[in-house]
2 protein chains.
Amino acid sequence: MSSTAKAPDTTEAATGPGQGKPRKRMPRAQRERQMIQVAEAVFAERGYTAASMDEIAERVGVSKPMLYEYFHSKEGLLVACIREARAELRRVTEQAVANSPTGEEALRQGLRAFFGFIRDRKQAWLLVRHEASLVGTASEELETTRQQQTDLIATLMGDFTDPETARFAEESGLLQAAAEFVVGGCERLAIWSEQRDDLTPEIVAEYAVNLLWGGLAQIAGR
Amino acid sequence: MSSTAKAPDTTEAATGPGQGKPRKRMPRAQRERQMIQVAEAVFAERGYTAASMDEIAERVGVSKPMLYEYFHSKEGLLVACIREARAELRRVTEQAVANSPTGEEALRQGLRAFFGFIRDRKQAWLLVRHEASLVGTASEELETTRQQQTDLIATLMGDFTDPETARFAEESGLLQAAAEFVVGGCERLAIWSEQRDDLTPEIVAEYAVNLLWGGLAQIAGR
DNA sequence: GGAAGTAACCTACTTCGAGTAAGGTGGACT
DNA sequence: AGTCCACCTTACTCGAAGTAGGTTACTTCC
């Protein structure tokens, strides 16, 4: 847990060891990252509605108007956090998927990375789930980020598909649909597996690969 | 759309035709249903955070403390709405699935009902998606309702599975996992299909059946 | 070194909405 | 008619989102 180190420490660390100075100025980009980090924790801890900008500001070691200067609104801050989390998730899965020889193997590796991310970065994951509660402009804004995830899977599947099938799949929208399906199913699976402590990311990933690759036909008796 | 008739009309309708009396008393159960109905609309319209209890109360034609008397808190009202929506969704799919001869057919019918529900009752569907944003006690409270959905699918699949497979699947948790997977994948698919106006519920259901039943192996070139 | 400029930052406010206290009113039943 | 209870209201508190306007520290150029 990163909560062992409280936010103000970061500020002091930049100043120097154990100084009395309570606060320190900081370049914009750095402050911004720090704010996102703290906000992520607070949102995850309290939930979006219950989280207060005052608390976030205090834990950053800065006053409220700074938050508004950088992120314009509470929802803006949330969006920034979600975007950050999504970007990280994408980085992780993209890297895991690279250099896989077959489609099935790529799927397996990607899913392992995905479920691993969820285990290790619970806070970030909670934020991504939160996305659904946004309405209007904010949700449109995130649409791009969200699509990258499914696009990754779609192109991935395209890579391992023979040309004719790929063309057909693309035109019919089946490829996109499949990608959405993978993402949605795995998210739900992740939520489900959180409540069972006997499951490692590898096991869950294996469940998902089996279900996805083989389909339900193998479970039902035809 | 039920929004052709504004909320106050309901009140007057109970009183009698075209009376001058602005408001009318109403038995608790009926008021409660009405409140849930209005709240569903407002939450869907504005989003949970932006929706105000004052507006809901006004559109119901009643004062705010009534809402609190019946639902205890804003989140309580949201939970009531979600529960209602989930219950309806469950009714619809359960009915559609009944009397299907095969597992595949049951899946198809169930999914058609599901995607049809999403098209016809957009507001209710938005609420169900909202569930993810709840935290703590409220989300636990809804866990039961949520499980009914996956349980339905799980038992459904169990019904069409030969005994040995079923026992294995049950013990390993694979059956539950599969059910979660189906639900999650379809939810995402639903969100995706909302943005494309060329897709009927039947087509989307067919996509889903193909993906689920046959698996991805049929798309990729092995 | 010091003046000028600017980016980071603050205190002190307004506003709006969730939640509450305490009291009014109308219909049902004796 | 009178009493009772469930339904309903007005009028508040309080906490948190968002803002106006001033202050401080770091940089730059003479």
Side-chain angles (χ1 to χ4, degrees), chain A residues 7-8 10-12 14-16 19-35 38-39 42-43 45-81 134-135 138, chain B residues 7-8 10-12 14-16 19-35 38-39 42-43 45-81 133-135 137-138:
Chain A
T10 317
T11 352
E12 285 183 5
T15 281
Q19 243 239 75
K21 259 306 183 32
R23 276 159 200 169
K24 180 71 198 307
R25 295 205 169 185
M26 210 175 268
R28 187 186 184 112
Q30 188 179 344
R31 215 19 131 200
E32 212 168 298
R33 275 198 305 277
Q34 190 200 2
M35 284 170 174
V38 172
V42 177
F43 282 145
E45 226 168 87
R46 305 236 189 276
Y48 176 70
T49 311
S52 88
M53 295 296 265
D54 285 291
E55 180 180 355
I56 295 173
E58 190 181 341
R59 274 164 70 164
V60 171
V62 105
S63 74
K64 201 164 45 155
M66 291 307 301
L67 292 177
Y68 284 92
E69 173 135 5
Y70 288 153
F71 301 102
H72 183 65
S73 72
K74 190 183 181 185
E75 197 174 85
L77 179 54
L78 176 64
V79 168
C81 289
L134 293 175
V135 157
Chain B
T10 316
T11 353
E12 286 182 5
T15 280
Q19 245 236 72
K21 257 313 181 25
R23 278 160 198 168
K24 180 70 199 305
R25 296 204 169 185
M26 210 174 269
R28 186 183 186 115
Q30 190 179 344
R31 215 18 132 199
E32 212 169 299
R33 273 197 306 276
Q34 190 201 1
M35 284 171 175
V38 172
V42 177
F43 282 145
E45 224 168 87
R46 305 234 189 278
Y48 175 70
T49 311
S52 87
M53 294 295 267
D54 285 290
E55 180 179 355
I56 295 173
E58 190 181 340
R59 274 164 70 164
V60 170
V62 106
S63 72
K64 201 163 47 152
M66 291 307 301
L67 292 177
Y68 284 91
E69 173 136 2
Y70 287 148
F71 301 103
H72 182 65
S73 73
K74 190 183 183 185
E75 197 174 84
L77 179 54
L78 176 63
V79 168
C81 290
S133 67
L134 293 175
V135 158
T137 50

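Order of the sequence lines sets the chain letters (A, B, ...), proteins ahead of strands, with each chain counted from 1. Below, each value reflects all heavy atoms present in this structure, side chains not excepted, and no hydrogens, waters or symmetry copies.
- Atom CD of A:Q30 is separated from atom C1' of C:dC9 by 15 Å (rounded to the nearest Å).
- B:L77 CG to B:M35 CE: the interatomic distance, rounded to the nearest 0.5 Å, is 8.5 Å.
- Taking atom CE of residue B:M66 and atom P of nucleotide C:dT25, one finds them 16 Å apart after rounding to whole Å.
- Rounded to whole angstrom, the span from the CZ atom of B:R25 across to the C1' atom of D:dC7 amounts to 4 Å.
- Here the straight-line distance linking atom CE of B:M53 with atom NZ of B:K74 works out to 7.5 Å at 0.5 Å rounding.
- Taking only side-chain nitrogens and oxygens, B:R31 comes nearer than 4.0 Å to OP1 or OP2 of D:dC8.
- Atom pair B:R28:CZ and D:dC5:P shows a separation of 16 Å (rounding to whole Å applied).
- Atom CG of B:L78 and atom CZ of B:F71 lie 11.5 Å apart (nearest 0.5 Å).
- Computed from coordinates, the A:R46 CZ to D:dG15 P distance equals 15 Å when rounded to whole Å.
- Following rounding to the nearest Å, B:E69 (CD) and C:dG23 (P) show an atom-to-atom distance of 16 Å.
- Atom pair A:F43:CZ and D:dA17:C1' shows a separation of 12 Å (rounding to whole Å applied).
- Remark: B:R33 pairs with no residue by the salt bridge (charged side-chain N to carboxylate O under 4.0 Å, His left out) rule, at least two apart or across chains.
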Show the distances under 3.5 angstrom between N or O atoms of the protein and N or O atoms of nucleotides 16-19 of chain C.
from	atom 1	to	atom 2	distance (Å)
C:dA18	OP1	B:A51	O	3.1
C:dA18	OP1	B:K74	NZ	3.1
C:dA18	OP2	B:M53	N	2.9
C:dA18	N7	B:K64	NZ	3.1
C:dG19	OP2	B:Y68	OH	3.2
C:dG19	OP2	B:K74	N	2.9
C:dG19	N7	B:K64	NZ	2.9
C:dG19	O6	B:K64	NZ	2.9

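- The CD atom of B:E69 lies 10.5 Å from the CD atom of B:E32; values are rounded to the nearest 0.5 Å.
- For the pair A:I56 CD1 and D:dG18 P, the computed distance is 11 Å after rounding to whole Å.
- For A:S63, taking side-chain heavy atoms from C-beta onward, the closest of the listed nucleotides C:dT11, D:dT10, D:dC7 is C:dT11.
- Sequence neighbours left out, the pairs with a member in residues 46-57 of chain B that pass side-chain hydrogen bond (donor to acceptor under 3.5 Å, both in side chains) are B:R46-B:E55, B:E55-B:R59.
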